[in-house]
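Here's the structure, in structure tokens; my notes come after.
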Amino acid sequence: MAYSDTHSKAIGYLLWIFGFMGAHRFYYGKPWTGTLWFFTLGLFFIGWIIDLFLIPGMDREADRRFRTGPINFNLTWILLTFLGIFGAHRLYMGKWVTAIIYFFTGGLFLIGVLYDYWTLNEQISVENMRREW
């Protein structure tokens, strides 16, 4: 069965550079281990190095789990990673009200940004399914 390419290995490896903070694991839809990597510096850098070889498998798994559509996963994740406190990723997804709230509150005092790291893949999949109708 062919799967859509929702996530990019190139973006995964780019985020892996910051992977000792769990960025690539959040990107591939693994929030629990992303949080663990964040608090242990990539399991004391050992897990971070091992992940260099695990990224292709995480990419395939993410491509199977998440729904492609008009909202691009890669662009949304880049916006969250670099402009999340301003709500740029929410603006891109069409969530104008929360985008404005994020803009004026620093990503709702960073708690909203953390929430989005945990749930962004699901938010994008749901929004892509909704826009298909």
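Only heavy atoms go into these numbers, but all of them, side chains included; no hydrogens, no water, no symmetry mates. Along the sequence shown, residues carry numbers from 1.
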Task: Residues Glu122, Arg65: salt bridge by 4.0 Å N-O rule - done: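 Yes, this pair counts.
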Task: Basic-acidic side-chain contact under 4.0 Å: Glu61, Arg64 - done: no
- [ ] Give the minimum heavy-atom separation between Pro31 and Phe26, together with the two atoms involved.
- [x] O-CE2, 3.7 Å
TODO: Would you name the heavy atoms of Arg131 and Met93 that are closest together and state the gap between them?
DONE: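 So the minimum-distance heavy-atom pair works out to NH2-O, 2.8 Å.
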Open item on the list: According to salt bridge (Lys or Arg N to Asp or Glu O under 4.0 Å), who are the partners of Lys95, at least two apart in sequence or on a separate chain?
Closed with: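 Lys95 satisfies salt bridge (Lys or Arg N to Asp or Glu O under 4.0 Å) with no residue once adjacent residues are dropped.
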Strictly by salt bridge (charged side-chain N to carboxylate O under 4.0 Å, His left out), give each pair with a member in [range] just once, sequence neighbours left out.
| range | answer |
| --- | --- |
| residues 71-89 | none |
| residues 31-42 | none |
| residues 70-82 | none |
| residues 80-93 | Arg90-Asp116 |

Would you check if the side chain of [X] reaches a backbone N or O of [Y] as a donor-acceptor pair within less than 3.5 Å?
| X | Y | result |
| --- | --- | --- |
| Tyr102 | Gly112 | yes |
| Asp63 | His7 | yes |
| Tyr92 | Asn72 | yes |

Mind checking what makes side-chain hydrogen bond (donor to acceptor under 3.5 Å, both in side chains) contact with [X], not counting sequence neighbours?
| X | answer |
| --- | --- |
| Asn74 | Tyr27 |
| Trp118 | Thr35 |
| Thr76 | none |
| Thr68 | none |

- [ ] Kindly compute the distance separating CZ (Phe66) from CG (Leu120), expressed to the nearest 0.5 Å.
- [x]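 Those atoms lie 9.5 Å apart.
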Task: Spacing of OG1 belonging to Thr119 relative to CG belonging to Leu114, to within rounding of 0.5 Å - done: 9.5 Å
Task: Full working for side-chain contact (heavy atoms from CB on, under 4.5 Å) between Gln123 and Tyr115 - done: CA-CA 11 Å; Gln123 289 181 52; Tyr115 169 80; 3.8 Å; yes
Task: ILVMFWY clustering at 4.5 Å (side-chain atoms), partners of Leu91 - done: Trp96
- [ ] Only pairs at least two apart or in different chains count here, so list each side chain to side chain donor-acceptor pair (under 3.5 Å) that has a residue in residues 36-50.
- [x] Trp37-Asp51
TODO: Scan for side chain to side chain donor-acceptor pair (under 3.5 Å) pairs involving residues 8-18, sequence neighbours excluded, and state none if there are none.
DONE: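 Listed once each, the pairs are Lys9-Asp59.
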- [ ] May I ask whether Leu80 and Phe104 are part of the same hydrophobic cluster, defined by side-chain heavy atoms of I, L, V, M, F, W, Y residues being less than 4.5 angstrom apart, directly or through others?
- [x]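 Hydrophobic grouping puts Leu80 with Phe104.
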Open item on the list: Check for me, please, whether Val97 and Ile111 land in the same ILVMFWY cluster - side-chain distances under 4.5 Å, paths through other members count.
Closed with: no
- [ ] Taking atom types as modelled, find out whether Trp77 and Asn121 have a side-chain donor-acceptor pair closer than 3.5 angstrom.
- [x] yes
TODO: Answer yes or no: is there a side-chain heavy-atom contact under 4.5 Å between Ile85 and Phe103?
DONE: no
